[in-house]
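Here's the structure we're looking at; comments come further down.
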Amino acid sequence: MSALLETRGLSRSFSGLRAVHEVDFTLPEGQVRALIGPNGAGKTTFVSMLVGRLAPSSGTVLFDGRDVTGLPVHARVRLGMAYTFQITSVFLRLSLHENVALAARRRLGGDGLAVERAVREALSRVGLLEHARRNAEELSYGHQRLLEIAMGIAQKPRLLILDEPTQGLADGEIADFKALLGELARETTILLIEHNMSVVMEVAEKITVLNFGEVLAEGSPEEVHADPRVQAAYLGVPDVAG
Amino acid sequence: MSETARILALHAGLVALLLVLNFVLPAYPQGNLARIMVLASYAIGYNVLFGYTGLLSLGHAMFFAAGMYGMGLSMRHLGFPAGPALLAGLGAGAALSLVVGLLALRTAGVAFMIVTLMFAQAVYLAILLFGKYTRGDEGFVIPQADRVLAGIDLSDPFNRYFVALALFSFCLFSVLWLIRRPAGRVLVAIRENEERARLLGYDVFAHKLGAVVASGTISALAGAFYGLLFGYAGASFAAVQYSILPLLWVLLGGAGTIIGPFIGTLFMFYLIDLTSGLTSAYMLIAGVALVLLTLFAPQGLAGELRKRLWRWLP
Amino acid sequence: MDFGPYLLLASLEGAVLASVLALMASGLSLVFGVMRVVNVAHGEFYMLGAVLAWWVASLAGGSVVLGFVLALVLAPLIVGAIAATADIVVLRRLSYDPERTIVATIGLLYIIQQLTLMSYGPEARPVVAPFNTRLAIPWFEFADGGLRMYWPWGLSTTSYKLFVIFAAVAVLLGIRVMMTRSRAGLLMRATQQDREIAQAFGIPVERVYAVVFGIGAGLAALAGVLIVPIQQAHYLMGLDALLLSFIVVIIGGLGSLAGTVIAAVLIGMSEGIISVFFSPTLAKIIATLLVAFVLVFRPQGLMGKRVR
C-alpha cells in the first residue's frame, strides 16, 4: 500500500511550549486509522497542521507524495482532504440540502443534476433525507453531527479526517455511527480522532497514540491496548516503562 | 408554481409595474422614482457585499463617486460622449474596488469597516484637493447637450425614467442571477460560516474579492448613471453620508434579499422627502431609523416578510 | 519670520491640538479598550461639549470666568449622562455586538447632530476665553559673534492656550491614576481582561460599561469645552474630530491609553507643523491613508506589540 498521508518531523510550539514534537506519521491509502491520546496530547494541533489551519514550526506534510506544507486550507481540501469539526460547524441558517450541496458543488461545479444526486445520496446515507428542506439550526445536536458527516461524504474525499465525531452523541446514535463508519471505510481512507475507546477498538485497523506531542505507540488495536506505556499515559503515571 | 417561477414572477412583476408607472405618473413622482431606481441600484450593489457576503463597508461612496467622476471628468476634460464616459466610470469603479479589495480584505470585522471608511475619506479629500478639475464641493453640471445616449435625450423625464428602469432591472436581475449561481451560493456560505466554507475547499479570499469588485462596480455604474441622468457631479456624493445611506436602505429593506434594497430606498426616500418639508434636520429620520432597525428589526422589511410568509424569497 | 521661530509657533499650535486630541482619543480608546466597541458617535459628544459650553456661558451672562468654569464642570457631566443613557437604552440591548453597535452609534451620531441643528442652529458661535493674555516668545540668533535674544513679530501664544495644554495633561494624569490606583479603575481593568470572569466574580459588568461609556463621552465633551474659545462651536464639528481621533487611536494601538497619548502628540504636532507648510487637505489625505495602511499591515498599531 502506498502512503496517502505522511508527515516528517512535524513540530509546532506555542511560545516555547512544544505542542507537537517531531512527529513522523504514515497513513497508507485505504486504512482506517485512529489517533488517540490523553487531553492535551497535541491531537488537535497535529490535525490542524494536516489540514492547514495551523502552520507548523518545522517539518513537512505530504499528501499523496506531494509536499503540501505551504498550501492553504482550501487547496489541500481540493486535493482530496475533508475535515469534520470537533465542535459542530455547519451552516446553521441554511437548509440541510444547501449545506450538503455546498460540499458537493465544489467538486461537481454547475452540474445541477449531479449535485442533486450527490446531495440525496449523502443525506440518505446518514438518514437525514426527510429533513432536507429544514434549516440546520432546527436539528438536534446528534443530527447536526450527522450532517457534518454527510458534508464529508458529499466531498468524495480521498482522506476523511473526523475530529471526535461521537462527542456528545447518545449510545444509540453511536451504534449507528459505527455502522456508517464501517461502510465508509470501504470507500476512503479515514483518520479518526476519538475519545470513545469502544469506537476506536471496533473500527480502527491501526492506532497511533500521541502523548506530550510525540508518538508514544503505534500498532493494531490489540497491541496498543496491551501496551503498558499507553496504559500509563492514560492513567497519568509518568514514565512507567522508562 | 415552482420556486424559480415564483421568484421570476415577483421580480418581473415589480419591473412591469414600474414600467407602467412611467406612463401614468405625474412629473414630480416620476422624477422621484427615477432617482429612487438609480439609488436602489446603488443599494443593490452594496447589498452584494453587505447582505450576501456579510462584509460591512463604511466606504461605498468612493465607488459611487468613482463611477460618477469617471463618467463626468472624462466627459468634461477628455470630451468623451455619453457611452464611452459611462464605460470610463464603470472602469474606474472596477479598478478602485479591486485595489481597495486587495488591501481591505486583509482585515476583518471592525477593522474592515474602518479601513473602508478611511479609503473613502481619502477619495473624498482627493476630490477636494483636485478642485481645479473636479470643482470640489461646488461640483459641476453636465450640460444637457452631452446627455444623449444612442440618440436618446436623457434630460427628457420620460426617457430618463426609462433608462433608470433599464439600469435598475439590469442590476436586479444580474444580482439575482449571481446569487443563484454556485459562486453566489459560496458568498452566502462565507457570510454564514467562513471557516466552514474554507474547509469545504473554497478560496474564501478570492470569493470575497470577487464580491467587493462586483459590489463596487455595480455601485460605480449607479454613480455614473446618476451623474448622467441628473446632470451633476459633486463632492457631497463622495462624503461619509453617501456611504451610510446605502447601509441604511439595505438594513431597512432587508439585507440579503433581492428586493430589499429597492423597498428600503423607496421608503427612506419618501420619509426624508416628507420630513425635509418640515425641517432642515431631515437626517434625524435616518438616525432614528438606524437605531430602531438595529434594535428591533435587524432583518429589515423584506427579511421579516421572508421569515413570516415567503421563505422562498431570494 | 525666520524658519526657527516659525517652527516653534507651529509646534505650539500643534501642542494645543495634540492636547485636545489626546483627551478626546483617550475617551474613544477607553471605550474600545474596556467594552470592545467602536463608538462612531464620539465626535458628536465632543460637539455637544462645545455647544453646551456656549449655552452655559451665555446663561451665566456677564461673568466670563464663572460661565467657563461652570461649562467645564457641567458639560462633561451632562454629556456623560446622555452617553450612559444611550448605552443602557441601546447598546446593552445589542449585547455589544461589534457590527450592530457601530450601526447603532452611526444612528446616534445623526440623532445628536440633527437635534443640535434643530435647537442650536446652523451658526458657528464663539465662547470668550476666561483669560487670554498674549504672551510674546523670545528667540535667539547669532549676531556679531554672540547670542542675541530678540522678540520676533508674530511669535506669541496666549495664556489660554497654555492652560489648555496643562489642563489636558492634568486630566490625563488623573485618568491614569484612576485606572491604576482606584477601585473603579480596578473594576474596569478586570472587565477589560475578561468579561465573563469579571461577571462571575460579582463585578456589575453592565454598570461598569455604562460608566465607562459615560466617562469616554465626558472626555470628548471636556475636549469640546476646552477647544471652543479657540474654535467656534458648530453642529458639524464632530466628524473631523472623530476621524482624527480614529487616526490617533489606531496608530497608537487600539485600546492602549499610553499609545493613544503618544500618537495624539505625534499627530497633533505633525498636523500642526505639516499644515503650516503644506495644504491641510493633503495632510489629511496622508493621515487617513496612513491609518488605513496601519490597519492593513500593522493592525496592532505602530506602537503596539504584536499579539500572537
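Just so it is clear: chains get the letters A, B, ... in the order the sequence lines come, proteins before strands, and each one is counted from 1.
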Is it the case that over 12 heavy atoms from other parts of the model lie below 6.0 angstrom from the [atom1] atom of [X]?
| X | atom1 | answer |
| --- | --- | --- |
| F14(A) | CZ | yes |
| L17(B) | CG | yes |
| R134(A) | CZ | yes |

Exercise. Atom CZ in R198(B), atom NE2 in H74(A): separation rounded to 0.5 Å?
Worked result: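 Interatomic distance, R198(B) CZ to H74(A) NE2, rounded to 0.5 Å: 8.0 Å.
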For this session: Supply the atom-to-atom distance M151(A) CE to L200(B) CG, rounded to the nearest 0.5 angstrom.
Result: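 Reported value, rounded in 0.5 Å steps: 4.5 Å.
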What part of [X] gets within 4.5 angstrom of chain B, counting heavy atoms only: side chain, backbone, both, or neither?
| X | answer |
| --- | --- |
| A82(A) | neither |
| L94(A) | side chain |
| V90(A) | backbone |
| R53(A) | side chain |

Problem set entry | Shortest non-hydrogen separation from V73(A) to L199(B) and the atoms involved |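 The answer is CG1-CD2, 3.6 Å.
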Exercise. Side chains of L92(A) and E192(B): closer than 4.5 Å at any heavy-atom pair?
Worked result: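 No, side chains not in contact.
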Exercise. Is any side-chain heavy atom of Y202(B) less than 4.5 Å from a side-chain heavy atom of R105(A)?
Worked result: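 They are in contact (side-chain heavy atoms under 4.5 Å apart), so the answer is yes.
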Problem set entry | Contact class of R191(B) relative to chain A, heavy atoms under 4.5 angstrom |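 Only the side chain of R191(B) comes within 4.5 Å of chain A.
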Problem set entry | Main-chain N/O of G201(B) paired with R78(A) side-chain donor or acceptor, under 3.5 Å |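 Side chain of R78(A) to backbone of G201(B): a pair is present.
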Problem set entry | Criterion side chain to side chain contact (heavy atoms under 4.5 Å, CB included) on F85(A) and R196(B), from CA distance to verdict | CA-CA 9 Å; F85(A) 284 78; R196(B) 201 26 167 147; 3.6 Å; yes
